[in-house]
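Reviewing the structure listed below.
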Amino acid sequence: MPVQVFSHVPDSMRWLEHDSPYGIGMDGQRAAMALALAACIVVAGASTFLLLQDSEVGVSNDSESMVDPLLQDEGHDHRNASQHILYTENIQPVSFNPLTAPGNAEVQVSDSPDGRRYAYIAGWSEMHIVDVTDPTNTTVTGVYVDPNTQVLDVKYLVYNNREYVIVQNQLVDPGAADPNVGEWGDPAQVTVTLVDVTDKYEPTFVDAWYDADHPSGPHNLYTHMIDNEWYIFVANPDYESCDIGQGDACGGITVAHLNFAGYGDLPRIVKVGEAEVSWETTRGGWIYIHDMTVQTWPGEDSNDPRYGRTYVYGAYWEAGLRIFDVSDVPHPGKDMVEYLAIAAACRGSFGTQLGCNWRAPEVGLWMDFEDFDGDGQPDSGTTGNENGGRASYIHYAEPIDEMVDATHLGYPSGKIHMTIIATEVLETTVGTGMAYLLDTTPYEVVNGNVRFLPQLIHGWETPFADHHFIPGGEEWLLFSPHNADHEIFQTGLPGFPDNSHGGAWDGRIYMGNYHSGLWIIDIESLMVAGLENGNKTDAHMESTVGYHLPHGADGAPLDSSYYDFGWTPFIWAAEHYKGYTYLSCITTGLYIVQLDIDEPYGNPVSL
């Protein structure tokens with residue numbers, strides 16, 4: 001494969017040049033890389049990198065000779081950026097911004113009515129607003145400080161030309177709680193908060209909502225418009241005084257209306273109900289909601305009973321994927337009397353089951369996890385071979401934005417709806433954590449009710465996973481998947497060639513994998529593998545478009561008694577937006593990178 005190696009340049013240029021940390025001769029570098037490549041072809045294991053340490057640069061160009069970037073040999077320093085200059089040359093850096101402090105989490109990018117493009121990045125005690133209009137030269141314009149607890153998620157929306165973000169407070173790390181605010185049960189420390197970001201330099205508090213029976217606070221958020229009204233969906237991993245038998249939403253999803261009409265110019269968060277897993281359909285084990293995505297069914301077939309309806313796709317750990325129908329949520333435009341009654345009951349009971357009883361029905365599930373030990377049962381805590389949740393700790397769920405025609409791949413005629421789910425793995429004896437591509441098109445109607453019947457297309461794990469493990473202790477989560485994004489690209493038009501298996505579209509998943517960086521996965525290749533039933537590890541490799549370990553700064557342990565790693569990189573999330581991929585690194589800041597075949601789809605804002 002072609003190998004790209006740079007001679008030593010100043011440390012300030014390390015991120016943009018992928019330079020070697022040592023000033024050895026170019027011939028010596030080429031020789032080291034040639035040896036590394038030869039070893040990699042023979043065995044894709046950690047031992048490969050014993051041959052790479054002279055230059056500490058790993059560059060790959062194709063899947064057949066991809067260098068293993070998961071480093072955990074003796075003497076390796078997870079906090080040293082110069083030891084992580086590892087990437088496939090089809091993914092190039094664009095910029096790095098250290099922001100104002102480490103401790104970064106979810107990122108969302110959007111174009112603003114002001115004509116510029118901004119990234120909104122959640123952090124441990126703050127939310128950054130970054131002008132990314134010029135992706136090569138980004139600027140922090142504003143910071144919303146929320147010192148109470150961890151601010152781990154952020155979602156953006158626009159209403160009447162005013163801009164808002166929703167952030168959350170979760171009690172993850174007691175060291176980060178503000179002792180001047182109050183006790184642990186103080187609502188200020190476990191809220192969903194609405195912030196006006198129309199002024200990018202001075203974001204301002206608008207409103208907050210607190211669920212009394214979710215004492216640790218929300219972890220994940222999503223915003224979605226249903227029948228021209230904005231709704232907020234909030235994942236609450238913890239709960240207290242919860243009785244499943246009486247229908248309590250134990251650790252469930254809060255559903256709230258964002259009411260812009262009832263309070264003058266001040267929108268208010270109005271809880272109207274919850275969604276919760278059907279516990280009787282689980283296998284038991286470790287069950288709670290972690291992340292979720294909301295989508296109005298993208299199909300155009302009006303005969304499909306899901307046409308025009310809205311669903312939550314929830315990641316419920318060992319209960320797998322759970323799908324809820326929120327189409328009939330209490331809505332001021334449908335039944336104002338019902339809406340006001342339910343909203344009043346929810347507010348009067350502080351969101352608890354004492355008065356807040358509307359529930360979104362569960363309409364689908366999937367938990368047929370990988371069977372690594374070959375005993376005929378999915379691996380999990382209740383069926384055996386749990387292995388730190390390698391197969392079963394479902395942490396992330398996201399339906400594909402568009403339904404696709406896959407007849408060119410050998411699939412039947414008709415559009416296919418797919419959903420990505422992925423694990424978050426704490427520690428393993430072997431492996432790094434599975435992701436799954438599901439076909440969520442099939443359904444049945446039982447007594448007039450729609451039930452999704454998801455089917456596995458194919459799984460994916462880091463192609464070198466069988467040669468690695470997640471040690472636990474301070475190295476917990478080390479190589480695990482975390483938050484991802486995807487994009488469906490139209491192909492076949494001038495300037496937009498097909499880069500996968502033909503047809504009129506390409507699809508890619510952009511996976512943030514903590515210390516192993518960004519991994520880009522080809523959806524069509526996974527679909528082909530799903531029909532062939534071949535070697536799974538080979539399919540993982542063949543569907544991998546590339547990887548990139550951003551390395552802009554050394555890591556330092558966070559001021560945290562919970563997240564105490566400090567590794568670089570440690571990617572919380574990957575967000576693809578109009579040709580660029582935005583990476584939020586917990587320990588260092590915001591990176592922007594670009595896959596070469598994404599470049600035609602870039603839509604830069606006029607400077």
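Salt-bridge annotation for K536 and D538: absent, with no side-chain N of the basic residue lying under 4.0 Å from a carboxylate O of the acidic one. A salt bridge is defined here as a Lys NZ or Arg NE, NH1 or NH2 lying under 4.0 Å from an Asp or Glu carboxylate O, and D111 with K578 meets this definition.
For F260 and Y164, the ring centers are positioned less than 6.0 Å apart. Ring pair Y288/H290: centre-to-centre distance below 6.0 Å.
Within a 6.0 Å sphere centred on CD of E300, other residues, nucleotides and ligands contribute 12 heavy atoms or fewer.
Taking the ring centre of Y443 as origin, the terminal cationic atom of R451 falls outside the region bounded by 6.0 Å and 45° from the ring axis. Both tests pass for R306 against the ring of W297: distance under 6.0 Å to the centre and angle within 45° of the axis.
Of all non-hydrogen atoms in I592 and P135, the two that sit nearest each other are CD1-O, 3.7 Å.
For the side-chain contact (heavy atoms from CB on, under 4.5 Å) with I421, the lone residue among Y316, W366, F369 that qualifies is W366.
Using cut-offs of 30° and 60° for the angle between ring planes, the Y231 and H257 rings count as tilted.
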Residues 491-503, side-chain donor-acceptor partners within the protein, below 3.5 Å, at least two apart:
residue: T491; atom: OG1; partner: D498; partner atom: OD2; Å: 3.1
residue: T491; atom: OG1; partner: A504; partner atom: O; Å: 3.4
residue: T491; atom: OG1; partner: W505; partner atom: N; Å: 3.2
residue: D498; atom: OD1; partner: S500; partner atom: N; Å: 3.0
residue: D498; atom: OD1; partner: G502; partner atom: N; Å: 2.9
residue: N499; atom: ND2; partner: P497; partner atom: O; Å: 3.2
residue: S500; atom: OG; partner: D522; partner atom: OD1; Å: 3.2
residue: S500; atom: OG; partner: D522; partner atom: OD2; Å: 2.7
residue: S500; atom: OG; partner: E524; partner atom: OE1; Å: 3.3
residue: H501; atom: NE2; partner: S525; partner atom: OG; Å: 3.1

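For the salt bridge (charged side-chain N to carboxylate O under 4.0 Å, His left out) test, residues two or more places apart in sequence or in another chain that qualify with D598 are R508.
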